[in-house]
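Model, not experiment: these values are computed from the prediction.
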Amino acid sequence: MEIVAHTGPAHKDMDKVLVVIVGPTAAGKTAISIELAERVAGGAEIVSADSRTFYRGMDIGTAKPSPADRARVPHHLVDVTDPDRPWSLAKFQRAAFDAIEAIQSRGRVPLLVGGTGQYVRATVEGWTVPGGEPDLALRARLEAEGALDADKLHARLAELDPAAAAKIDPRNVRRAARALEYALTTGTPISWRQRKQPPPYRILQIGLTLPRPALYARIDARVDAMIEAGLVEEVRALAAKGYSWDLPAMSGLGYKQIGEYLQGECDLPEAIRRIKSETRKFVRRQGAWFRESDPGIRWFDVRRAGVKEMVGVIEAWRGEQWRR
């Protein structure tokens, strides 16, 4: 198999900066990033690294920045595709690099904001990500094969990408099928994308955190607010447009559980309980990407630290870059 070369930003100016805002779902990244963008010297623009906000028509369940939010601060990579046309990691990475460069060229600060760890890390660390569109039909066939014989599917993956297979539980059919689909459609092991060529700008990573009880309380309140805002109607409208329940976008948090309710598999209170439970599990998985022990991330407990303090850290860091 041939390694596909990484093609990141073309410029060589290492004084270009990127500020990254990470943290778990419901930690307040959207509101805080908008305030930061308005207050940093020279202004800033936001590049979304939340894979769920890519999709048009999926607003409530993704806690997407509102039109008013986007009027306050320019947002990039929001509403860029339809639910039945998922973006690959390679497509996101290219678009993110392009958006970051364009913002830098305007003399403004790009803020990469999101909780999708894979997308953030691929951009910040400059993973080598071979291109290629997802083959949803192939993925469905592989998942069907795995449902019948998970060990056989995993063994097939081990032949093409032993490094990926070593990290994937044979019982995780969806993940094994995705890795095998990637290898078959791109001719490149999915594990190779972790090869790195850091992008040519200086990066400051800011993490937002809360103790788990407080974070879980926020999650519960946010889910209740989504239901009140019309999440059921939003999911019903998507289904009415012909979007299949099997689409990755429609199997995301909130959409999957409301879909189960609309298909008669559970009542609404149970669907809401499942959303809250699955969101808590998702937060725990996010922790594998954004660890509070990571020395490369400056963490702020959002109960105690305000935007003013974060702006001070950003400006002090930018000053250090200029003095180099």
Out of Lys64, Arg52, Arg70, which one pairs with Asp59 under the salt bridge (charged side-chain N to carboxylate O under 4.0 Å, His left out) rule? Lys64
Tell me every residue that passes salt bridge (Lys or Arg N to Asp or Glu O under 4.0 Å) with Lys276, counting only those two or more places apart in sequence or in another chain. Asp224
Would a distance-only check, ignoring hydrogens and angles, find a side-chain to backbone donor-acceptor pair under 3.5 Å from Glu181 to Asp135? yes
Roughly how far, to the nearest 0.5 Å, is CZ of Arg174 from CG of Leu153? 13.0 Å
Met58 side chain reached by Pro83 side chain, heavy atoms, under 4.5 Å: yes
Looking only at heavy atoms, which two atoms of Phe290 and Thr116 are closest? And how far apart? CZ-C, 4.4 Å
Please determine if Glu260 and Arg274 form a salt bridge, counting it only when a charged side-chain N lies under 4.0 Å from a carboxylate O. yes
Under the side-chain contact (heavy atoms from CB on, under 4.5 Å) criterion, do Thr25 and Arg222 qualify, and how do the steps go? CA-CA 10 Å; Thr25 291; Arg222 186 164 83 161; 2.5 Å; yes
Has the side chain of Glu292 got a donor or acceptor atom that lies under 3.5 Å from a matching backbone atom of Trp299? no
Please check: side-chain N/O of Asp69 versus main-chain N/O of Ser66, any donor-acceptor pairing under 3.5 Å? yes
Any Tyr216 side-chain heavy atom under 4.5 Å of Thr279 side chain: no
Just do the side-chain contact (heavy atoms from CB on, under 4.5 Å) check on Thr209 and Leu215 with the steps written out, would you? CA-CA 8 Å; Thr209 186; Leu215 183 62; over 6 Å; no
Salt-bridge present (Arg56, Asp82; N to O < 4.0 Å): yes
Using a 6.0 Å cut-off, check whether atom CD of Glu228 has over 12 heavy atoms from anything other than its own residue. no
To check you understand the geometry: which heavy-atom pair defines the closest contact between Phe97 and Pro199, and what is its length? CE2-CB, 3.7 Å
Do Leu208 and Ile21 come close enough that some side-chain heavy atom pair is under 4.5 Å? yes
Closest approach of Gly114 and Lys29, non-hydrogen atoms and distance? C-CE, 3.7 Å
Check the pair Arg212, Arg284 against side-chain contact (heavy atoms from CB on, under 4.5 Å), reporting the backbone distance first and the verdict last. CA-CA 10 Å; Arg212 284 294 167 85; Arg284 292 194 287 272; 3.4 Å; yes
A quick test of your reading: do over 12 heavy atoms of other residues, nucleotides or ligands sit less than 6.0 Å from CZ of Arg39? yes
Using a strict cut-off of less than 4.0 Å between a Lys/Arg side-chain nitrogen and an Asp/Glu carboxylate oxygen, indicate whether Lys16 and Glu101 qualify as a salt bridge. no
So which pairs with a foot in residues 297-310 pass salt bridge (Lys or Arg N to Asp or Glu O under 4.0 Å), sequence neighbours left out? Asp301-Arg303, Asp301-Arg304
Any carboxylate oxygen within less than 4.0 angstrom of a Lys/Arg side-chain nitrogen, looking at Asp220 and Arg280? yes
Let me confirm one number: the CG-CD1 distance from Leu18 to Ile203, rounded to the nearest 0.5 Å. 5.0 Å
Counterpart residues, side-chain contact (heavy atoms from CB on, under 4.5 Å), relative to Arg218 (two or more places apart): Ala26, Leu210, Val302
Do Glu45 and His75 have side chains that approach each other closer than 4.5 Å (heavy atoms only, starting at C-beta)? no
Kindly compute the distance separating CD (Glu38) from OG (Ser33), expressed to the nearest 0.5 Å. 10.0 Å
Donor-acceptor pair, distance only, cut-off 3.5 Å: does the side chain of His154 make one with the backbone of Ala165? yes
Measure the shortest side-chain to side-chain distance between Arg156 and Leu180 over non-hydrogen atoms and say whether it is less than 4.5 angstrom. yes
Does some side-chain heavy atom of Glu145 sit less than 4.5 Å from a side-chain heavy atom of Leu142? yes
Quick one: which residue pairs count as a ring-ring contact (aromatic ring centres under 6.0 Å, His included) with a foot in residues 17-55, not counting sequence neighbours? Phe54-Trp87, Phe54-Phe92, Phe54-Tyr119
Here the pair of heavy atoms bringing Leu77 nearest to Ala95 is CD2-CB, 3.8 Å
Considering all heavy atoms of both residues, which atom of Asp151 and which atom of Pro170 are nearest to each other, and what is their separation? OD1-CB, 3.8 Å
Can you sort out the partners of Ala44 under side-chain contact (heavy atoms from CB on, under 4.5 Å), two or more places apart, ordered by chain and number? Ala37, Val40, Val109, Leu111
Show which side-chain atoms of residues 247-255 pair as donor or acceptor with protein atoms under 3.5 Å away, not counting sequence neighbours.
residue: Ser251; atom: OG; partner: Leu247; partner atom: O; Å: 3.3
residue: Ser251; atom: OG; partner: Pro248; partner atom: O; Å: 3.0
residue: Tyr255; atom: OH; partner: Gly61; partner atom: N; Å: 3.1
residue: Tyr255; atom: OH; partner: Glu234; partner atom: OE1; Å: 2.6

Do side-chain atoms of Thr53 reach the backbone of Val78 as a donor and acceptor pair under 3.5 angstrom? no
Side-chain donor/acceptor of Gln205 to backbone N/O of Val22, under 3.5 Å: no
Test side-chain contact (heavy atoms from CB on, under 4.5 Å) on Ile46 and His76 and set out the steps. CA-CA 6 Å; Ile46 293 170; His76 304 265; 6.0 Å; no
Are any non-hydrogen side-chain atoms of Leu268 and Ile258 less than 4.5 angstrom apart? yes
Check whether any side-chain heavy atom of Trp317 sits under 4.5 Å from a side-chain heavy atom of Val17, and report yes or no. yes
Note: Asp246-Lys256 ion pair, threshold 4.0 Å (strictly below): no
Determine whether Phe282 and Trp289 fall in the same hydrophobic cluster, where Ile, Leu, Val, Met, Phe, Trp and Tyr are linked whenever their side-chain heavy atoms lie under 4.5 Å apart. no
Indicate yes or no: does Lys281 engage Glu278 in a salt bridge with an N to O separation below 4.0 Å. yes
